[in-house]
Amino acid sequence: MTDTCKIEISGLRKSFGSLPVLRDINLRVETGSVVALIGPSGSGKSTLLRCINLLVIPEGGRIRVGGDAFSFDGDAKLSSAREQARFRSNTGMVFQHFNLFPHMTVVQNVMEGPISVKGMPKAEAEARARKLLAKVGLNDKGDVFPSKLSGGQKQRVAIARALAMEPAVMLFDEVTSALDPELVGEVLGVMRDLAADGMTMIIVTHEMGFAREVADRVVFMRDGIIVEEGPAREVIETPKEETTRVFLSHFHNRG
Amino acid sequence: MISYTWHFDIVWQYSRLFLAGTGVTVGLTIAVVTLGLLVGLVAGLMQLARSPVLRWASWAYIEMFRLTPLLVLLLWFYYALPMLTGIKIDALTASIITLSLYGGSFYAEVIRGGIVSIEPGQSEAGLALGMTPARVMRRIVLPQAVKRMIPPLMNQSIIQFKNTSLVSVLAVPDLLYQGQVVAMDTYRALEVYTVIAAIYFVVLLPLTVIVKMAERRLAQSN
(Lines give C-alpha, C1' and ligand atoms only; values in the text may rest on other atoms or scores of the structure.)
Protein backbone atom coordinates (compact mmCIF):
# COMPACT_ATOMS: atom_id res chain seq x y z
CA MET A 1 0.00 0.00 0.00
CA THR A 2 1.28 3.43 -0.89
CA ASP A 3 -1.38 5.14 1.17
CA THR A 4 0.33 7.43 3.68
CA CYS A 5 -2.92 8.37 5.33
CA LYS A 6 -3.28 7.11 8.92
CA ILE A 7 -6.77 8.31 9.73
CA GLU A 8 -9.52 8.54 7.17
CA ILE A 9 -12.99 9.77 7.99
CA SER A 10 -15.71 9.98 5.40
CA GLY A 11 -19.32 11.05 5.53
CA LEU A 12 -19.41 10.98 9.33
CA ARG A 13 -22.74 11.92 10.88
CA LYS A 14 -23.94 12.16 14.46
CA SER A 15 -26.80 13.87 16.25
CA PHE A 16 -27.82 14.08 19.87
CA GLY A 17 -31.59 13.77 19.78
CA SER A 18 -32.81 16.14 17.11
CA LEU A 19 -29.64 18.22 17.23
CA PRO A 20 -27.13 17.34 14.53
CA VAL A 21 -23.58 17.77 15.89
CA LEU A 22 -21.64 16.29 12.99
CA ARG A 23 -22.88 16.66 9.42
CA ASP A 24 -20.99 14.78 6.76
CA ILE A 25 -17.44 15.16 8.09
CA ASN A 26 -14.57 14.16 5.80
CA LEU A 27 -11.03 14.26 7.11
CA ARG A 28 -7.69 12.68 6.25
CA VAL A 29 -4.70 12.69 8.54
CA GLU A 30 -1.32 11.76 7.10
CA THR A 31 0.92 9.37 8.99
CA GLY A 32 3.10 11.27 11.42
CA SER A 33 1.26 14.53 11.02
CA VAL A 34 -0.42 16.69 13.60
CA VAL A 35 -3.89 18.11 13.04
CA ALA A 36 -5.35 20.78 15.29
CA LEU A 37 -9.14 20.89 15.52
CA ILE A 38 -10.32 24.36 16.44
CA GLY A 39 -13.70 26.01 16.66
CA PRO A 40 -16.19 27.50 19.10
CA SER A 41 -17.70 25.29 21.79
CA GLY A 42 -20.56 23.24 20.47
CA SER A 43 -18.98 23.09 17.04
CA GLY A 44 -18.66 19.30 17.25
CA LYS A 45 -14.88 19.05 17.48
CA SER A 46 -14.86 17.05 20.70
CA THR A 47 -17.60 14.79 19.41
CA LEU A 48 -15.58 14.19 16.25
CA LEU A 49 -12.55 13.27 18.34
CA ARG A 50 -14.61 10.91 20.50
CA CYS A 51 -16.08 9.29 17.40
CA ILE A 52 -12.58 8.40 16.22
CA ASN A 53 -12.14 6.04 19.17
CA LEU A 54 -15.82 5.11 19.35
CA LEU A 55 -16.51 6.67 22.74
CA VAL A 56 -19.32 8.19 20.72
CA ILE A 57 -20.84 5.89 18.13
CA PRO A 58 -21.57 7.73 14.87
CA GLU A 59 -24.83 7.33 12.98
CA GLY A 60 -23.32 7.16 9.56
CA GLY A 61 -20.06 7.26 7.66
CA ARG A 62 -16.77 5.46 7.85
CA ILE A 63 -13.74 5.66 10.11
CA ARG A 64 -10.40 4.08 9.37
CA VAL A 65 -7.46 4.20 11.76
CA GLY A 66 -4.41 2.44 10.37
CA GLY A 67 -5.58 -0.89 8.95
CA ASP A 68 -8.69 -0.96 11.08
CA ALA A 69 -11.94 0.33 9.62
CA PHE A 70 -15.50 0.69 10.88
CA SER A 71 -18.54 1.51 8.79
CA PHE A 72 -21.66 2.96 10.35
CA ASP A 73 -23.77 3.21 7.22
CA GLY A 74 -27.28 1.92 6.80
CA ASP A 75 -27.65 -1.68 7.77
CA ALA A 76 -24.04 -2.11 8.89
CA LYS A 77 -24.48 -4.02 12.13
CA LEU A 78 -23.25 -2.56 15.37
CA SER A 79 -19.93 -4.03 16.33
CA SER A 80 -19.56 -6.03 19.51
CA ALA A 81 -18.13 -4.50 22.68
CA ARG A 82 -15.05 -6.68 22.20
CA GLU A 83 -14.39 -5.41 18.68
CA GLN A 84 -14.86 -1.83 19.79
CA ALA A 85 -12.39 -2.41 22.63
CA ARG A 86 -9.81 -3.82 20.23
CA PHE A 87 -10.28 -0.80 17.94
CA ARG A 88 -9.88 1.63 20.84
CA SER A 89 -6.69 -0.04 22.06
CA ASN A 90 -5.09 1.24 18.87
CA THR A 91 -5.86 4.90 19.62
CA GLY A 92 -4.58 6.79 22.63
CA MET A 93 -6.90 9.36 24.18
CA VAL A 94 -6.12 12.14 26.63
CA PHE A 95 -9.01 13.93 28.32
CA GLN A 96 -9.58 17.46 29.54
CA HIS A 97 -10.07 16.27 33.12
CA PHE A 98 -7.24 13.71 33.10
CA ASN A 99 -9.47 10.87 34.33
CA LEU A 100 -6.59 9.16 36.10
CA PHE A 101 -7.57 6.15 38.19
CA PRO A 102 -7.48 7.48 41.77
CA HIS A 103 -7.27 4.04 43.36
CA MET A 104 -3.98 3.26 41.63
CA THR A 105 -0.54 4.79 41.97
CA VAL A 106 0.90 6.73 39.07
CA VAL A 107 2.92 3.79 37.77
CA GLN A 108 -0.08 1.46 38.16
CA ASN A 109 -2.14 3.88 36.10
CA VAL A 110 0.36 3.61 33.28
CA MET A 111 0.67 -0.18 33.63
CA GLU A 112 -3.07 -0.81 33.64
CA GLY A 113 -3.60 -0.82 29.86
CA PRO A 114 -0.74 -3.15 28.91
CA ILE A 115 -1.55 -5.54 31.76
CA SER A 116 -5.30 -5.80 31.50
CA VAL A 117 -5.74 -5.30 27.74
CA LYS A 118 -2.59 -6.84 26.28
CA GLY A 119 -1.93 -9.35 29.06
CA MET A 120 1.63 -8.11 29.41
CA PRO A 121 3.62 -9.54 32.36
CA LYS A 122 3.72 -7.16 35.30
CA ALA A 123 7.48 -6.67 35.35
CA GLU A 124 7.58 -5.80 31.67
CA ALA A 125 4.63 -3.41 32.02
CA GLU A 126 6.28 -1.70 34.96
CA ALA A 127 9.56 -1.27 33.10
CA ARG A 128 7.68 0.27 30.19
CA ALA A 129 5.65 2.50 32.51
CA ARG A 130 8.75 3.79 34.32
CA LYS A 131 10.40 4.56 30.99
CA LEU A 132 7.35 6.50 29.82
CA LEU A 133 7.13 8.39 33.11
CA ALA A 134 10.75 9.41 32.65
CA LYS A 135 9.90 10.54 29.15
CA VAL A 136 7.20 12.89 30.45
CA GLY A 137 9.54 14.07 33.22
CA LEU A 138 7.91 12.28 36.15
CA ASN A 139 10.31 9.45 36.97
CA ASP A 140 10.22 10.39 40.67
CA LYS A 141 6.43 10.32 40.92
CA GLY A 142 5.74 6.69 40.03
CA ASP A 143 4.78 5.52 43.49
CA VAL A 144 2.51 8.35 44.60
CA PHE A 145 -1.23 8.50 44.10
CA PRO A 146 -2.64 10.90 41.49
CA SER A 147 -4.29 13.07 44.17
CA LYS A 148 -0.81 14.22 45.19
CA LEU A 149 -0.01 15.64 41.74
CA SER A 150 -0.58 19.06 40.18
CA GLY A 151 -2.88 19.33 37.17
CA GLY A 152 0.04 19.52 34.78
CA GLN A 153 1.64 16.44 36.30
CA LYS A 154 -1.67 14.56 36.16
CA GLN A 155 -2.04 15.35 32.50
CA ARG A 156 1.49 14.16 31.75
CA VAL A 157 0.69 10.88 33.54
CA ALA A 158 -2.45 10.61 31.41
CA ILE A 159 -0.33 11.02 28.29
CA ALA A 160 2.09 8.33 29.51
CA ARG A 161 -0.85 6.04 30.26
CA ALA A 162 -2.15 6.42 26.71
CA LEU A 163 1.33 5.93 25.22
CA ALA A 164 1.80 2.69 27.16
CA MET A 165 -0.60 1.01 24.75
CA GLU A 166 1.69 2.00 21.84
CA PRO A 167 -1.23 3.45 19.91
CA ALA A 168 -1.09 4.24 16.22
CA VAL A 169 -2.54 7.69 16.85
CA MET A 170 -3.01 10.01 19.80
CA LEU A 171 -6.16 12.04 20.38
CA PHE A 172 -6.04 15.08 22.68
CA ASP A 173 -9.34 16.55 23.88
CA GLU A 174 -8.73 20.08 25.21
CA VAL A 175 -6.02 18.70 27.44
CA THR A 176 -4.84 22.08 28.74
CA SER A 177 -8.26 23.70 29.26
CA ALA A 178 -8.58 22.61 32.89
CA LEU A 179 -5.03 23.64 33.83
CA ASP A 180 -3.78 26.72 35.61
CA PRO A 181 -2.01 28.91 33.05
CA GLU A 182 1.45 28.31 34.51
CA LEU A 183 1.03 24.52 34.10
CA VAL A 184 -0.01 24.59 30.44
CA GLY A 185 3.55 24.81 29.16
CA GLU A 186 4.79 21.53 30.63
CA VAL A 187 1.95 19.58 28.99
CA LEU A 188 2.36 21.29 25.63
CA GLY A 189 6.09 20.54 25.89
CA VAL A 190 5.40 16.81 26.13
CA MET A 191 3.04 17.02 23.18
CA ARG A 192 5.61 18.93 21.17
CA ASP A 193 8.16 16.14 21.81
CA LEU A 194 5.62 13.54 20.74
CA ALA A 195 4.98 15.39 17.51
CA ALA A 196 8.72 15.59 16.90
CA ASP A 197 8.93 11.80 17.42
CA GLY A 198 6.55 11.39 14.50
CA MET A 199 3.38 10.48 16.38
CA THR A 200 0.17 10.97 14.42
CA MET A 201 -1.96 13.29 16.50
CA ILE A 202 -5.32 15.03 16.46
CA ILE A 203 -5.53 17.85 18.94
CA VAL A 204 -8.69 19.68 19.96
CA THR A 205 -7.35 22.90 21.39
CA HIS A 206 -7.84 26.57 22.13
CA GLU A 207 -4.09 27.19 22.20
CA MET A 208 -3.73 28.94 18.87
CA GLY A 209 -0.03 29.67 19.33
CA PHE A 210 0.64 26.00 19.94
CA ALA A 211 -1.54 24.95 17.01
CA ARG A 212 0.29 27.27 14.66
CA GLU A 213 3.68 26.12 15.84
CA VAL A 214 3.21 22.35 16.23
CA ALA A 215 0.31 21.36 13.99
CA ASP A 216 0.85 20.63 10.32
CA ARG A 217 -2.75 21.31 9.49
CA VAL A 218 -5.57 23.17 11.18
CA VAL A 219 -9.21 22.26 10.79
CA PHE A 220 -11.78 24.89 11.75
CA MET A 221 -15.21 23.52 12.64
CA ARG A 222 -18.49 25.24 13.27
CA ASP A 223 -22.02 23.87 13.72
CA GLY A 224 -20.94 20.34 12.90
CA ILE A 225 -19.19 21.02 9.62
CA ILE A 226 -15.61 21.66 8.60
CA VAL A 227 -15.58 25.28 7.52
CA GLU A 228 -11.96 25.61 6.59
CA GLU A 229 -8.94 23.36 6.51
CA GLY A 230 -5.34 23.92 5.49
CA PRO A 231 -1.73 24.30 6.55
CA ALA A 232 -1.64 25.52 10.16
CA ARG A 233 0.10 28.83 9.56
CA GLU A 234 -2.13 29.67 6.62
CA VAL A 235 -5.44 28.99 8.40
CA ILE A 236 -4.48 30.81 11.57
CA GLU A 237 -2.70 33.80 10.01
CA THR A 238 -4.66 34.30 6.81
CA PRO A 239 -7.99 32.51 7.10
CA LYS A 240 -10.08 32.45 3.95
CA GLU A 241 -13.50 32.20 5.54
CA GLU A 242 -15.18 35.03 7.39
CA THR A 243 -16.37 32.77 10.26
CA THR A 244 -12.80 31.53 10.80
CA ARG A 245 -11.57 35.11 10.91
CA VAL A 246 -14.25 36.10 13.46
CA PHE A 247 -13.43 33.10 15.64
CA LEU A 248 -9.69 33.72 15.54
CA SER A 249 -10.11 37.42 16.29
CA HIS A 250 -11.05 36.43 19.86
CA PHE A 251 -7.55 35.10 20.48
CA HIS A 252 -5.32 38.09 19.58
CA ASN A 253 -2.38 35.80 18.91
CA ARG A 254 -2.39 34.72 22.52
CA GLY A 255 0.10 32.02 23.55
CA MET B 1 -44.16 2.68 90.80
CA ILE B 2 -44.45 -1.02 91.47
CA SER B 3 -41.57 -2.39 93.43
CA TYR B 4 -39.92 -5.24 91.58
CA THR B 5 -37.08 -7.48 92.65
CA TRP B 6 -34.85 -8.32 89.71
CA HIS B 7 -33.75 -11.91 89.57
CA PHE B 8 -31.10 -12.23 86.93
CA ASP B 9 -29.76 -15.34 88.64
CA ILE B 10 -32.75 -17.30 87.31
CA VAL B 11 -31.95 -16.13 83.80
CA TRP B 12 -28.33 -17.11 84.29
CA GLN B 13 -29.37 -20.71 84.69
CA TYR B 14 -30.52 -20.60 81.10
CA SER B 15 -27.31 -19.06 79.81
CA ARG B 16 -26.69 -22.00 77.47
CA LEU B 17 -29.99 -21.36 75.71
CA PHE B 18 -29.12 -17.69 75.29
CA LEU B 19 -25.72 -18.65 73.96
CA ALA B 20 -27.21 -21.14 71.50
CA GLY B 21 -29.76 -18.52 70.41
CA THR B 22 -27.07 -15.90 69.92
CA GLY B 23 -25.12 -18.42 67.84
CA VAL B 24 -28.12 -19.01 65.58
CA THR B 25 -28.76 -15.27 65.24
CA VAL B 26 -25.14 -14.52 64.35
CA GLY B 27 -24.89 -17.48 61.97
CA LEU B 28 -28.16 -16.56 60.30
CA THR B 29 -26.99 -12.97 59.90
CA ILE B 30 -23.72 -14.06 58.28
CA ALA B 31 -25.64 -16.29 55.87
CA VAL B 32 -28.26 -13.71 54.89
CA VAL B 33 -25.72 -10.88 54.60
CA THR B 34 -23.48 -12.96 52.32
CA LEU B 35 -26.34 -14.22 50.15
CA GLY B 36 -28.04 -10.83 50.23
CA LEU B 37 -24.87 -9.12 48.97
CA LEU B 38 -24.64 -11.59 46.08
CA VAL B 39 -28.30 -11.07 45.17
CA GLY B 40 -27.89 -7.31 45.61
CA LEU B 41 -24.82 -7.20 43.38
CA VAL B 42 -26.62 -9.05 40.60
CA ALA B 43 -29.78 -6.94 40.94
CA GLY B 44 -27.77 -3.72 41.23
CA LEU B 45 -25.79 -4.50 38.07
CA MET B 46 -28.98 -5.49 36.27
CA GLN B 47 -30.33 -2.03 37.05
CA LEU B 48 -27.48 -0.65 34.95
CA ALA B 49 -27.82 -3.15 32.10
CA ARG B 50 -28.54 -2.01 28.57
CA SER B 51 -31.34 -4.54 28.19
CA PRO B 52 -34.67 -3.07 29.32
CA VAL B 53 -35.89 -6.56 30.24
CA LEU B 54 -33.09 -7.00 32.77
CA ARG B 55 -33.64 -3.51 34.15
CA TRP B 56 -37.35 -4.09 34.50
CA ALA B 57 -36.93 -7.50 36.14
CA SER B 58 -34.55 -6.18 38.78
CA TRP B 59 -36.71 -3.13 39.38
CA ALA B 60 -39.74 -5.37 39.95
CA TYR B 61 -37.77 -7.55 42.37
CA ILE B 62 -36.31 -4.61 44.30
CA GLU B 63 -39.57 -2.76 44.76
CA MET B 64 -41.53 -5.91 45.57
CA PHE B 65 -39.27 -6.70 48.49
CA ARG B 66 -38.59 -3.17 49.62
CA LEU B 67 -42.26 -2.27 49.81
CA THR B 68 -43.50 -5.36 51.63
CA PRO B 69 -43.17 -5.80 55.41
CA LEU B 70 -40.54 -8.39 56.27
CA LEU B 71 -42.89 -10.21 58.63
CA VAL B 72 -45.44 -10.62 55.85
CA LEU B 73 -42.74 -11.91 53.51
CA LEU B 74 -41.53 -14.44 56.08
CA LEU B 75 -45.02 -15.81 56.61
CA TRP B 76 -45.65 -15.87 52.88
CA PHE B 77 -42.47 -17.79 52.08
CA TYR B 78 -43.04 -20.27 54.89
CA TYR B 79 -46.77 -20.89 54.62
CA ALA B 80 -47.95 -19.67 51.20
CA LEU B 81 -45.08 -20.59 48.88
CA PRO B 82 -45.23 -24.34 49.70
CA MET B 83 -48.96 -24.32 48.88
CA LEU B 84 -48.17 -22.68 45.55
CA THR B 85 -45.25 -24.92 44.59
CA GLY B 86 -46.07 -28.08 46.47
CA ILE B 87 -42.52 -28.10 47.84
CA LYS B 88 -42.32 -27.95 51.59
CA ILE B 89 -39.39 -26.00 53.02
CA ASP B 90 -38.30 -25.90 56.64
CA ALA B 91 -38.46 -22.74 58.69
CA LEU B 92 -34.72 -22.07 58.59
CA THR B 93 -34.55 -22.35 54.79
CA ALA B 94 -37.61 -20.11 54.40
CA SER B 95 -36.01 -17.59 56.75
CA ILE B 96 -32.70 -17.56 54.89
CA ILE B 97 -34.37 -17.18 51.49
CA THR B 98 -36.68 -14.40 52.67
CA LEU B 99 -34.08 -12.41 54.58
CA SER B 100 -31.53 -12.74 51.76
CA LEU B 101 -33.98 -11.52 49.14
CA TYR B 102 -35.25 -8.76 51.42
CA GLY B 103 -31.73 -7.58 52.29
CA GLY B 104 -30.64 -7.97 48.67
CA SER B 105 -33.27 -5.47 47.53
CA PHE B 106 -31.76 -2.82 49.80
CA TYR B 107 -28.19 -3.79 48.99
CA ALA B 108 -29.02 -3.53 45.28
CA GLU B 109 -29.93 0.12 45.64
CA VAL B 110 -26.73 0.85 47.58
CA ILE B 111 -24.63 -0.98 44.98
CA ARG B 112 -26.35 0.71 42.03
CA GLY B 113 -25.96 4.10 43.70
CA GLY B 114 -22.28 3.47 44.43
CA ILE B 115 -21.57 2.54 40.83
CA VAL B 116 -23.36 5.52 39.29
CA SER B 117 -21.57 7.84 41.72
CA ILE B 118 -18.27 7.14 39.92
CA GLU B 119 -17.65 9.87 37.34
CA PRO B 120 -18.28 8.70 33.75
CA GLY B 121 -14.78 9.92 32.87
CA GLN B 122 -13.38 6.91 34.74
CA SER B 123 -15.22 4.47 32.49
CA GLU B 124 -14.27 6.46 29.43
CA ALA B 125 -10.60 6.36 30.37
CA GLY B 126 -10.80 2.58 30.79
CA LEU B 127 -12.64 2.13 27.50
CA ALA B 128 -10.17 4.41 25.73
CA LEU B 129 -7.36 2.08 26.81
CA GLY B 130 -9.15 -0.72 25.01
CA MET B 131 -10.78 -2.45 27.97
CA THR B 132 -14.11 -4.19 27.49
CA PRO B 133 -17.03 -2.72 29.50
CA ALA B 134 -16.96 -5.75 31.82
CA ARG B 135 -13.27 -5.25 32.55
CA VAL B 136 -13.80 -1.52 33.10
CA MET B 137 -16.43 -2.42 35.68
CA ARG B 138 -14.16 -4.90 37.45
CA ARG B 139 -10.86 -3.03 37.34
CA ILE B 140 -11.85 0.64 37.40
CA VAL B 141 -15.40 1.30 38.57
CA LEU B 142 -16.10 -1.36 41.21
CA PRO B 143 -12.87 -0.91 43.22
CA GLN B 144 -13.70 2.77 43.60
CA ALA B 145 -17.42 2.26 44.11
CA VAL B 146 -16.98 -0.42 46.78
CA LYS B 147 -15.15 2.04 48.96
CA ARG B 148 -18.13 4.37 48.86
CA MET B 149 -20.59 1.52 49.37
CA ILE B 150 -19.02 0.05 52.49
CA PRO B 151 -20.57 2.36 55.12
CA PRO B 152 -24.15 2.10 53.80
CA LEU B 153 -23.75 -1.66 53.24
CA MET B 154 -22.61 -2.09 56.82
CA ASN B 155 -25.53 -0.01 58.06
CA GLN B 156 -27.88 -2.20 56.08
CA SER B 157 -26.22 -5.31 57.54
CA ILE B 158 -26.72 -4.02 61.06
CA ILE B 159 -30.42 -3.65 60.26
CA GLN B 160 -30.36 -7.20 58.89
CA PHE B 161 -28.91 -8.47 62.18
CA LYS B 162 -31.88 -7.01 64.02
CA ASN B 163 -34.29 -8.20 61.33
CA THR B 164 -33.35 -11.81 62.04
CA SER B 165 -35.32 -11.57 65.30
CA LEU B 166 -38.49 -11.87 63.21
CA VAL B 167 -37.69 -15.48 62.32
CA SER B 168 -38.74 -16.43 65.85
CA VAL B 169 -42.33 -16.37 64.58
CA LEU B 170 -41.43 -19.35 62.40
CA ALA B 171 -39.95 -21.09 65.48
CA VAL B 172 -36.40 -20.82 64.23
CA PRO B 173 -34.40 -21.14 67.48
CA ASP B 174 -32.70 -17.74 67.35
CA LEU B 175 -31.94 -15.51 70.31
CA LEU B 176 -35.46 -14.10 70.59
CA TYR B 177 -37.13 -17.50 70.23
CA GLN B 178 -34.94 -19.01 72.95
CA GLY B 179 -35.72 -16.01 75.11
CA GLN B 180 -39.42 -16.59 74.66
CA VAL B 181 -38.91 -20.18 75.77
CA VAL B 182 -37.05 -19.05 78.85
CA ALA B 183 -39.63 -16.37 79.63
CA MET B 184 -42.45 -18.88 79.49
CA ASP B 185 -40.50 -21.29 81.61
CA THR B 186 -39.56 -18.83 84.31
CA TYR B 187 -42.26 -16.16 84.19
CA ARG B 188 -39.37 -13.70 84.29
CA ALA B 189 -40.21 -11.77 81.13
CA LEU B 190 -38.70 -8.54 82.37
CA GLU B 191 -35.26 -10.01 83.02
CA VAL B 192 -35.29 -12.20 79.93
CA TYR B 193 -36.23 -9.51 77.43
CA THR B 194 -33.84 -7.05 79.05
CA VAL B 195 -31.02 -9.54 78.64
CA ILE B 196 -32.01 -10.20 75.02
CA ALA B 197 -32.05 -6.50 74.21
CA ALA B 198 -28.67 -6.13 75.89
CA ILE B 199 -27.17 -8.97 73.84
CA TYR B 200 -28.32 -7.43 70.52
CA PHE B 201 -26.91 -4.11 71.68
CA VAL B 202 -23.56 -5.52 72.80
CA VAL B 203 -23.02 -7.41 69.55
CA LEU B 204 -23.90 -4.40 67.39
CA LEU B 205 -22.07 -1.71 69.32
CA PRO B 206 -18.57 -2.55 68.03
CA LEU B 207 -19.95 -2.87 64.49
CA THR B 208 -21.46 0.61 64.57
CA VAL B 209 -18.16 1.99 65.84
CA ILE B 210 -16.43 0.37 62.85
CA VAL B 211 -18.98 1.92 60.47
CA LYS B 212 -18.41 5.35 62.00
CA MET B 213 -14.66 4.94 61.59
CA ALA B 214 -15.06 3.77 58.01
CA GLU B 215 -17.24 6.78 57.24
CA ARG B 216 -14.69 9.14 58.72
CA ARG B 217 -11.81 7.51 56.81
CA LEU B 218 -13.80 7.79 53.59
CA ALA B 219 -14.57 11.45 54.20
CA GLN B 220 -10.86 12.09 54.69
CA SER B 221 -9.70 10.19 51.61
CA ASN B 222 -12.02 12.22 49.38
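Numbered from 1 within each chain, the chains take letters A, B, ... in sequence-line order.
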CZ of Phe16(A): more than 12 outside heavy atoms within 6.0 angstrom? yes
For the backbone of Met131(B) and the side chain of Arg88(A), can you confirm whether one donor and one acceptor N or O come within less than 3.5 Å of each other? no
Between CD1 on residue Ile118(B) and NE2 on residue His103(A), distance to nearest 0.5 Å: 9.0 Å
Most contact-rich option vs chain B, by heavy-atom pairs under 4.5 angstrom, among Arg50(A), Arg86(A), His97(A), is Arg50(A)
Do other residues, nucleotides or ligands put more than 12 heavy atoms under 6.0 Å from Arg82(A) CZ? no
Ignoring hydrogens, what is the shortest heavy-atom contact between Phe101(A) and Ala125(B)? Give both atom names and the distance. CE2-CB, 3.8 Å
Counting heavy atoms not belonging to Trp56(B), are there more than 12 under 6.0 Å from its CH2? no
Measure from the side-chain N and O atoms of Asn53(A) to the backbone N and O of Ala128(B), and report whether any donor-acceptor pair falls under 3.5 Å. no
Spell out, as yes or no, whether a donor-acceptor pair under 3.5 Å connects the side chain of Gln122(B) to the backbone of Leu100(A). yes
Which pair of heavy atoms, one from Val117(A) and one from Leu129(B), lies closest together, and at what distance? CG2-O, 3.7 Å
From Arg139(B) atom CZ to Met104(A) atom CE, the distance as rounded to the nearest 0.5 Å: 5.0 Å
Here the gap from Ser89(A) atom OG to Leu127(B) atom CG, rounded to the nearest 0.5 Å, amounts to 12.0 Å
Any heavy-atom pair between the side chains of Met93(A) and Glu124(B) that's under 4.5 Å? no
